[in-house]
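What follows is a set of notes on a single structure, which appears directly below.
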Amino acid sequence: MVHLKAPYVSGFLAFREVPFLVELVQRLQEKEPGFMPQVLLVDGNGVLHQRGFGVACHLGVLTDLPCVGVAKKLLQVDGLENNSLHKEKIMLLQAGGDTFPLMGNSGTVLGMALKSHEHSTNPLYVSVGHRVSLEVAVRLTHHCCRFRIPEPIRQADIRSRDYIRRTLGHPGSPAQRQESLLPTEPSTTSPVSW
DNA sequence: GCGACAG
DNA sequence: ATCTTGTCGC
């Protein structure tokens with residue numbers, strides 16, 4: 001079980017979550033190096049970020065593994081806006097795998113909006129994290145989608161929440177007596193996310 | 001009061 | 001992220 005200390009602040013997600021992600025990779029290298037993945041799908045952004053360096057970049061540099069940023073909402077940076085024009089482009093996406101580029105004011109393509117499967121309305125926002133091209137990032141993400149969320153991220157989400165529920169759900173459990181795995185902060189902070 | 005808001 | 005209400009498709 002991880003013990004989150006930093007609060008969630010938009011633009012600083014890596015400072016909250018990346019230490020635990022690095023630890024997971026290190027633990028895997030020690031115990032099961034044969035299972036080391038060739039690429040990581042990261043729940044958050046890569047270069048589509050306030051300072052061009054989201055959690056997927058951060059994790060990639062610290063582990064030297066190729067990383068893809070996969071966000072569920074558009075981070076509105078460099079002039080990118082979730083406005084009516086953007087929503088029009090989303091509605092024009094037809095088949096699963098369809099995309100449109102996310103071009104910042106700087107003229108750089110920061111990522112791609114991806115219709116991750118055919119019966120999906122909201123796109124995914126895919127961006128380069130580390131040692132991977134945007135084209136490969138998009139194809140890889142698309143091919144991992146049984147549903148809207150890529151299966152590796154979806155399973156991590158489902159199983160971690162299930163673990164939390166099983167661990168904190170039982171009165172008298174060690175975790176419950178420890179009393180402070182739940183966030184001290186009011187809202188916004190979650191013990192799950194990992 | 002109003003807009004913004006990766007997770 | 002969490003919570004809630006309602007709808008649609010398999």
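Convention: sequence-line order gives letters A, B, ...; per-chain numbering from 1.
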Heavy-atom donor-acceptor pair, A:Arg51 side chain to A:Gly11 backbone, under 3.5 Å: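 Yes; judged by distance alone, with no hydrogens or angles, the pair exists.
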Which residues in residues 44-82 of chain A have at least one heavy atom lying under 4.0 Å from any atom of DNA chain B?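 A:Gly44, A:Asn45, A:His49, A:Gly54, A:Val55, A:Ala71, A:Lys72, A:Lys73, A:Leu75, A:Gln76, in order of number.
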Considering just the side-chain nitrogens and oxygens of A:Tyr125, establish if one lies under 4.0 Å of OP1 or OP2 belonging to B:dA6.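 For B:dA6, neither OP1 nor OP2 has a side-chain N or O of A:Tyr125 closer than 4.0 Å.
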Would you please confirm or rule out a distance under 4.0 Å between OP1 or OP2 of C:dA1 and any side-chain N or O of A:Arg16?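 For A:Arg16, the contact criterion (side-chain N or O under 4.0 Å from OP1 or OP2 of C:dA1) is not met.
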A:Phe12 ring center near A:His58 ring center (under 6.0 Å):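 Not close enough - the centres of the two rings lie 6.0 Å or further apart.
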Spacing between A:Glu17 atom CD and B:dG7 atom P, to the nearest angstrom: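 After rounding, the reported distance stands at 10 Å.
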In whole angstrom, give me the gap between the [atom1] atoms of [N] and [M].
N	M	atom1	value
C:dT2	B:dC5	C1'	14 Å
B:dC2	C:dT5	C1'	25 Å
B:dG1	C:dG6	P	27 Å

Let's test your reading of the pairing rules: Watson-Crick or G-U wobble, both distances under 3.5 Å, then write DNA chain C as a dot-bracket string with ( ), [ ], | and dots. ..........
When you measure from every atom of DNA chain C, which of residues 128-154 of chain A have a heavy atom less than 4.0 Å away?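 When residues 128-154 of chain A is checked for heavy atoms under 4.0 Å from DNA chain C, there are no hits whatsoever.
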Sugar-phosphate only, base, or nothing, as touched by A:Phe15 at under 4.0 Å among non-hydrogen atoms: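 Contact class for A:Phe15: none.
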